[in-house]
Chemist: 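Below you will find the structure I want to go over with you.
Residue numbering restarts at 1 for every chain, and letters A, B, ... go by the order of the sequence lines.
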Protein chains: 2
Amino acid sequence: MQPVTTGASLTNQVTDMLRAAITSGEMRPGEHYSAIGLSQRLGVSRTPVREALQLLEKEGIVRIEKNRGVRVIQMSLDEIVQIFQIRIILEPPAAARGAEAATDEDLRHIQVLHGRILDAAAAGDGPRTLQADKDFHLFLLGLAGNPRLTDLDRELRNLVLTRGLVTIPNTRSGQDLADDRREIIDALLRRDCEAVALAVRAHVTRTAKLLITGVSAHTPGLSADEYLLKIDQLSRHCQ
Amino acid sequence: MQPVTTGASLTNQVTDMLRAAITSGEMRPGEHYSAIGLSQRLGVSRTPVREALQLLEKEGIVRIEKNRGVRVIQMSLDEIVQIFQIRIILEPPAAARGAEAATDEDLRHIQVLHGRILDAAAAGDGPRTLQADKDFHLFLLGLAGNPRLTDLDRELRNLVLTRGLVTIPNTRSGQDLADDRREIIDALLRRDCEAVALAVRAHVTRTAKLLITGVSAHTPGLSADEYLLKIDQLSRHCQ
DNA sequence: TGGTCACTGGTTGCATGCTACTCATGGTGA
DNA sequence: TCACCATGAGTAGCATGCAACCAGTGACCA
């Protein structure tokens, strides 16, 4: 956790720093933290820390316990499923619309972003891969021209990041995800919107299943099956 | 705007009160307010007001202007379109899943809620109709078993409420919306999930178009057409 | 031995003081 | 007449003080 610099308001800086500390694993789920301790570590007063924590609570990343401190939320499988159910509904149509609206310039940029994922993956850099993957997808969604949807999706992705870091890095599954993305790119270059939607949906679904299987494997006495079934329970009804 | 009572934390109470003041029209879009003035009106100190404003800014209903005060956001047609694009993607599959998962008890309750809409509409009580409509839809979505999605939808609905109050109350359109809901109910009782999805989609689309037409009519020099086209630009790609 | 209660260390929640910033206004000089 | 600058009123942003609150602990009593 770095001390603050200058520029944006302290509250916003602190919010970003705490979010980064959580997604990087520096602040661990289930652990207890105090606003006063965090403010000392960051070299600021309690007020901006407190405000940052309230914003993060609204995002669903931490829970403030009255007069007790704050706890990084341990995302349950139930919640992970909920988040992916939403992503599976939202992302395919948005990506398809993005494909429709993309300029040639955009398509070139997409390929650059894709290259970065491959580089990071080849270097075995898990966090960088994850970040590059996020950049890739969010850029594609952004082309749909609905910034609110893009922001929403970013937030949903942030929510599961802490679990993702632990479980995704796995060569086998990494290859599968790379194949998915290849398919998305191909469909994009053909400007085949329907195929883009399908490929994105397959990709997100696969990510969800990997995550759920991984988390349940780390948690004794928890069966993944029940949760795997729920993943596309909602999206089945996308006409 | 009422003074505070006891119970939840001040910050949360203030958040709700400000939100209510905004959706009720007591605080008007475009208008300038200061945290210090609001804190005096509410009889609390600046801190909880400031924190509440930050949360509302995150929700997107106010904008904090550094060292200047706060402004209730005048939702632009662009943003209204964005919000409805998301709702049109999200609500149909969620409602369909709700229909699938509903118990007989749930279906009875849905009919009660439907009755309340009709009562409020018959009494010509605009705000109550709007609230009853929200209860109806959110209950249906809630049956899908994804609380996060339900919360998200609630937030999206809140965002357009200030505009909705102004433009929706209109007998002709009110009747159309009522017909839509009748169709949703019928499909629900038949447990025809696909039909529920279609009916919900039609209903949300109609609401969007009414709102856009209404707002653009109140705003000279603004053509609705461009925006109407965008409404289902994304949802076209829901496979 | 088991249960209760007061105490204590640590925390948040809210109020308030101070500083730095923004914008508007009025005055000054060219 | 116009441009510019100094000034002042009003604001948010942050730090800090203080009281209320929670959880755990140890002593005391039945």
Chemist: What I want to find out is whether B:D151 reaches B:R148 closely enough, with some N-O distance under 4.0 Å, to be called a salt bridge.
Modeler: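 Looking at B:D151 and B:R148, the cut-off is not met.
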Chemist: If you check the A:P48 side chain, which of C:dC14, D:dA23, D:dA15 turns out closest?
Modeler: D:dA15
Chemist: Aromatic rings A:H114 and A:F136: how do their planes relate, parallel, tilted or perpendicular, breaks at 30° and 60°?
Modeler: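 Aromatic pair A:H114/A:F136 classed tilted.
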Chemist: Using atom CG of B:L53 as one end and atom P of D:dT11 as the other, report the distance to the nearest whole Å.
Modeler: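 Those two atoms, CG and P, are 13 Å apart.
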Chemist: Grab the CD-C1' distance between A:E51 and C:dA15 for me, whole Å please.
Modeler: 14 Å
Chemist: Between B:S9 and C:dG13, is there a contact of a side-chain N or O with OP1 or OP2 at under 4.0 Å?
Modeler: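 False: B:S9 side-chain N/O out of range (4.0 Å or more) of C:dG13 OP1/OP2.
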Chemist: What's the CD1-C1' distance between B:I36 and C:dC18, to the nearest Å?
Modeler: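 Those two atoms, CD1 and C1', are 13 Å apart.
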Chemist: Please give, in whole Å, the distance from C:dG10 P to A:E65 CD?
Modeler: 18 Å
Chemist: Any idea which of C:dT16, C:dC21, D:dA15 is nearest the A:V44 side chain?
Modeler: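 For A:V44, the side-chain atoms sit closest to D:dA15.
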Chemist: Of the listed nucleotides (D:dA23, C:dC14, D:dA15), which one gets closest to any side-chain atom of B:T11?
Modeler: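 Nearest nucleotide to the side chain: C:dC14.
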Chemist: D:dA9 P sits how many Å from B:N67 CG, rounded?
Modeler: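 About 17 Å, once rounded to whole Å.
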Chemist: B:I64 side chain: which of C:dT11, D:dA12, D:dC14 is closest?
Modeler: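 It is D:dA12.
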Chemist: Could you tell me whether A:E91 and A:R157 have a side-chain N and a carboxylate O separated by less than 4.0 Å?
Modeler: yes
Chemist: Please determine if A:D119 and A:R128 form a salt bridge, counting it only when a charged side-chain N lies under 4.0 Å from a carboxylate O.
Modeler: no
Chemist: Please determine whether a side-chain nitrogen or oxygen atom of A:R50 lies at a distance below 4.0 Å from atom OP1 or OP2 of C:dG13.
Modeler: yes
Chemist: Expressed in angstrom and rounded to an integer, what is the separation of A:H32 atom NE2 from D:dA23 atom C1'?
Modeler: 10 Å
Chemist: What's the closest nucleotide to the B:S45 side chain, out of C:dA15, D:dA12, C:dC23?
Modeler: C:dA15
Chemist: In whole angstrom, what separates B:Q40's CD from D:dA12's P?
Modeler: 11 Å
Chemist: Nearest-Å distance, CG (A:N12) to P (D:dC14)?
Modeler: 8 Å
Chemist: Would you please confirm or rule out a distance under 4.0 Å between OP1 or OP2 of C:dG13 and any side-chain N or O of B:T47?
Modeler: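 No.
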Chemist: B:R46 has a side chain; which of C:dG17, D:dA12, C:dG13 sits nearest to it?
Modeler: C:dG17
Chemist: Report yes if some heavy atom in the side chain of B:V62 is under 4.5 Å from a heavy atom in the side chain of B:M27; otherwise report no.
Modeler: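 Side-chain contact under 4.5 Å: no.
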Chemist: In terms of side-chain heavy atoms of A:R68, which of D:dC22, C:dT11, D:dA12 is nearest?
Modeler: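 Closest nucleotide to the A:R68 side chain: D:dC22.
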